[in-house]
Amino acid sequence: MRLDERHLIQLAAVVQAGGVTEGAALIGLSQPAVSRTLSMLEKRLGEPLFLRGRRPLQPTPLGRALADHGQVMLAASRKASDIVANFSQGRSGVVRVGGTPFFMDALISGMIADFQNAYPDVRVDQSYGYLSDLRAAINADRIDLAVCPIDILEEGSGMEFREILPGRNVVACRATHPLLLRRKLKTGDLLDYPWIAPPPGSPLLEDLRSLLLSLGATEIKIRYSGGSLTSAINYMKETDALTVLPHSVVFAFRKEKSITALPVAIPHPERALGLLRLADTPRAPAVDAFARHIRQSFDNLKHLIKRHEQAVVWGA
């Protein structure tokens, strides 16, 4: 005899709740509908499912055995409903995010941790890359979105870019650098010291070259190159070498008090940090929730970063 799984689920709900009315409410059905199901089931089995005259309702041995099977189905149904609800609300799923290394390490990784504190069932897969690689990864559906600096987004690219932080470069150094002791620092003084070059392919590498050429340097004195953000900062802390960094990255290390920015104005490119992803394409709710979290995190940081620039860089 083949029994309808829905009937067993209704039986399980009634047994669990101790009454037909309560069981019907438990699974979102009307009391008459559940009563008809139980009556039909008893007729088909030729056996009672509940002991007569007992309140709350008590199942017979057969009723209990069938209700146990229905309870398994009821639990599975609820779990499936929870999965659907969590997915649709962005509380479960996978977010694949790529980004430029210095920003990912200094700022985004901490924001990912904050996001997962609120959304513990969302997995985040992070990767590194620069603009051309990230754009290719988005188009190939290897990542959902990228966090990267962009100056101009080509028309017709099929991408959308939403700015989260204006671009602003500074000359970074260790907190005890000799140049910080000078009462009146000139840009030409920067040429007296060696430099740390950002990794190849990084927009910061071009920014460094442009800066040194604008200072009239005929030869770029590079002492260390190609390292990660952590290695570059660890090297900088132990030497008098300088480098170009986004001010937001220097801000991210403010509590360590090991690196800082020199109070000197330098040219910085017309680019901004933002979120890059395909335009007009359906996205998983978790991806949208993650993007909102990143935007909100930077909205909360903007005034702190500006205050840090005024106080540390310019001493205002």
Side-chain angles (χ1 to χ4, degrees), residues 79-167 198-205 226-232 246 248-249 252 271-302:
K79 185 174 182 180
S81 297
D82 289 343
I83 289 173
V84 172
N86 286 337
F87 181 84
S88 63
Q89 296 167 11
R91 304 195 69 85
S92 67
V94 178
V95 176
R96 303 169 299 169
V97 57
T100 50
F102 281 17
F103 283 114
M104 296 301 288
D105 290 350
L107 296 166
I108 306 302
S109 57
M111 294 178 184
I112 292 174
D114 289 338
F115 173 76
Q116 289 186 310
N117 286 336
Y119 294 79
D121 293 326
V122 175
R123 191 181 86 223
V124 178
D125 294 341
Q126 178 192 306
S127 57
Y128 293 109
Y130 296 108
L131 180 57
S132 60
D133 297 325
L134 295 171
R135 189 162 44 198
I138 292 174
N139 281 321
D141 194 31
R142 294 195 301 271
I143 62 174
D144 301 303
L145 74 165
V147 185
C148 57
I150 290 183
D151 46 6
I152 297 176
L153 183 62
E154 301 89 344
E155 190 173 345
S157 65
M159 303 267 181
E160 66 177 29
F161 179 75
R162 184 160 181 175
E163 179 180 324
I164 53 179
L165 192 68
S202 167
L204 288 173
L205 182 57
S228 66
L229 175 62
T230 300
S231 61
S248 56
V249 172
R271 77 167 70 99
L273 182 69
L275 297 176
L276 180 70
R277 52 187 181 178
L278 288 175
D280 303 323
T281 301
R283 290 179 288 267
V287 175
D288 285 334
F290 178 78
R292 286 194 302 270
H293 175 79
I294 296 298
R295 293 196 302 268
Q296 185 61 55
S297 297
F298 275 99
D299 284 343
N300 296 338
L301 277 179
K302 281 179 181 177

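- Under the rule for a side chain to side chain donor-acceptor pair (under 3.5 Å), the partners of R123 that lie at least two apart in sequence or sit in another chain are D125.
- Once rounded to the nearest 0.5 Å, the distance linking CE of M111 with CZ of R295 reads 13.0 Å.
- For the side chain to side chain donor-acceptor pair (under 3.5 Å) test, no residue two or more places apart in sequence or in another chain qualifies with S127.
- Between F115 and F290, the ring-plane angle classifies as perpendicular under the 30° and 60° cut-offs.
- Shown here for G226 and P200, the closest heavy-atom pair between the two residues is CA-CD, 4.3 Å.
- When every heavy atom of F102 is checked against every heavy atom of G227, the shortest pair comes out as CE1-O, 4.2 Å.
- The two residues A272 and P166 have their closest heavy-atom pair at CB-CA, 4.2 Å.
- For D151, there are no salt bridge (Lys or Arg N to Asp or Glu O under 4.0 Å) partners, not counting sequence neighbours.
- Put simply, the residue from L276, L273, L134 that forms a side-chain contact (heavy atoms from CB on, under 4.5 Å) with I150 is L276.
- Atoms CG and CD1, on L145 and I294 in that order, are 8.0 Å from each other to the nearest 0.5 Å.
- Between M159 and N139 the shortest side-chain heavy-atom distance falls below 4.5 Å.
- Here the CD1-CE distance, from I112 to M104, works out to 4.5 Å after rounding to the nearest 0.5 Å.
- Considering only residues two or more places apart in sequence or on other chains, Q126 meets the side chain to side chain donor-acceptor pair (under 3.5 Å) condition with Y128.
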When the side chains of residues 93-101 are checked against the rest of the protein, which donor-acceptor pairs come out under 3.5 Å, sequence neighbours left out?
{"from": "R96", "atom 1": "NE", "to": "D144", "atom 2": "OD1", "distance (Å)": "3.4"}
{"from": "R96", "atom 1": "NE", "to": "D144", "atom 2": "OD2", "distance (Å)": "3.3"}
{"from": "R96", "atom 1": "NH1", "to": "D141", "atom 2": "O", "distance (Å)": "2.6"}
{"from": "R96", "atom 1": "NH2", "to": "D141", "atom 2": "OD1", "distance (Å)": "2.8"}
{"from": "R96", "atom 1": "NH2", "to": "D144", "atom 2": "OD1", "distance (Å)": "2.8"}

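- For the atom pair CG of L131 and CZ of R271, the computed distance is 10.0 Å after rounding to the nearest 0.5 Å.
- Rounding to the nearest 0.5 Å places CG of L301 at 8.0 Å from CG of L165.
- The closest side-chain heavy-atom distance from L204 to P246 is below 4.5 Å.
- Note: L275 CG to I108 CD1 = 7.5 Å, rounded to the nearest 0.5 Å.
- Using a 4.5 Å heavy-atom threshold, the side chains of C148 and Y130 count as separate.
- Under the rule for a side chain to side chain donor-acceptor pair (under 3.5 Å), the partners of R277 that lie at least two apart in sequence or sit in another chain are E160, D288.
- For the pair T281 (side chain) and A279 (backbone), a donor-acceptor distance under 3.5 Å is present.
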